[in-house]
Amino acid sequence: MRYFGAFVVFISIAFHYSVLSTTIRSRSELEKRRILEGVHIHNQDTDWGRVSQSRVSFAFVKATDGYGDANPDSENESAACRKEHLYCGTYHFAIPSKSSGISQANFFIKNGGKWTSDGKTLPGVLDIEGNPHGPICYNLSPAEILDWIREFSETYFAGTRRYPTIYTNTNWWKECTDNNASFGTTSALWIEEYASNVGELPSGWSTWSFWSYDNQGSIGEEKVRWNGDAHSLALFACGSSRD
């Protein structure tokens with residue numbers, strides 16, 4: 001009977017060790033998922049199951065652009081993204097030469113760019129970078145570009161109570177805003193730099209929040225990294241940090 005009791009104790013210990021090992025592995029897998037890689041998706045009709053399986057924690061999809069085009073599926077895309085338990089955000093591709101910052105911010109808010117305090121929606125993104133179809137600074141002076149960004153940012157804030165994250169690259173910011181430093185106190189920075197390190201940041205930001213480091217993703221996306229842990233991203237989604 002003494003041996004039987006020892007055997008039962010051994011089996012019990014082995015069982016609890018197995019459960020503990022499985023729990024540790026599960027937590028480890030969860031933490032790997034929350035290394036906080038993400039994607040910046042340009043295509044419509046996204047396979048969100050495949051996105052989730054790529055072990056990302058967040059995703060951004062296009063909602064609108066300065067030409068007056070709106071993605072008719074942005075709200076459905078965002079809902080599908082959240083269904084996969086990802087943090088989700090949308091962006092507006094700015095064309096400052098087409099219309100005012102006020103007009104484009106309102107258009108963005110009305111067409112999928114509005115932030116909500118559900119804990120999963122990331123604040124909207126102002127994608128402001130080189131002109132894809134003409135002079136890099138849109139034939140606007142640095143002062144005019146800055147006024148446009150201020151209009152957009154303040155209008156977005158008035159409509160959502162969040163400032164937009166600013167997506168840009170350092171070279172464009174230097175040339176087209178004269179490396180202005182005034183937005184780092186209100187907007188998080190999403191830096192575009194396809195390289196192994198971030199490099200120099202635009203003036204006004206001492207750190208980056210998001211970093212697009214590769215544009216050769218397997219599902220037609222940019223690979224993006226969050227500069228923090230899962231807790232800090234949760235706070236950012238709720239409006240408790242970095243803006």
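- Remark: the Trp173 side chain and the Glu129 side chain contain no N/O donor-acceptor pair separated by less than 3.5 Å.
- With rounding to the nearest 0.5 Å, the separation of CG in Leu126 from OG in Ser153 is 6.0 Å.
- Checked against a 6.0 Å centroid threshold, the rings of Phe210 and Phe60 count as neighbours.
- The CD1 atom of Ile102 sits 10.5 Å away from atom CD of Glu154, with the distance rounded to the nearest 0.5 Å.
- A distance of 6.0 Å or more separates the ring centres of Tyr163 and Tyr156.
- In this structure, the side chains of Phe58 and Cys88 stay at 4.5 Å or more apart for every pair of heavy atoms.
- For Phe152 and His92, the distance between ring centers is under 6.0 angstrom.
- Side-chain contact between Asn139 and Ser97: absent, with no pair of heavy atoms (C-beta onward) separated by less than 4.5 Å.
- Look at Lys62 and Glu77 and you find no salt bridge, because none of the NZ, NE, NH1 or NH2 atoms lies under 4.0 Å from a carboxylate O.
- Cation-pi geometry between Arg82 and Tyr87 is not met at under 6.0 angstrom from the ring centre and within 45 degrees of the axis.
- Here the CG atom belonging to Asn227 is positioned 10.0 Å from the CG atom belonging to Leu36, to the nearest 0.5 angstrom.
- In this structure, the ring of Trp205 has its center no less than 6.0 angstrom from the ring center of Phe183.
- For the salt bridge (Lys or Arg N to Asp or Glu O under 4.0 Å) test, residues two or more places apart in sequence or in another chain that qualify with Asp147 are Arg150.
- Residues Trp115 and Ala237 come closest through the heavy atom pair NE1-O, 3.1 Å.
- Residue Ile191 holds its CD1 atom at 9.5 Å from OG of Ser212, rounded to the nearest 0.5 Å.
- Judged by the 6.0 Å distance and 45° axis criteria, Lys223 is not positioned over the aromatic ring of Tyr213.
- Under the rule for a salt bridge (Lys or Arg N to Asp or Glu O under 4.0 Å), Lys110 has no partner lying at least two apart in sequence or in another chain.
- For the residue pair Ser99 / Gln104, a side-chain donor-acceptor distance below 3.5 Å is found, with atom types taken as modelled.
- Between Val125 and Thr90 there is no side-chain heavy-atom pair separated by less than 4.5 Å.
- Trp211 and Trp208 have perpendicular rings, their planes meeting at more than 60° on a 0 to 90° scale where under 30° would count as parallel.
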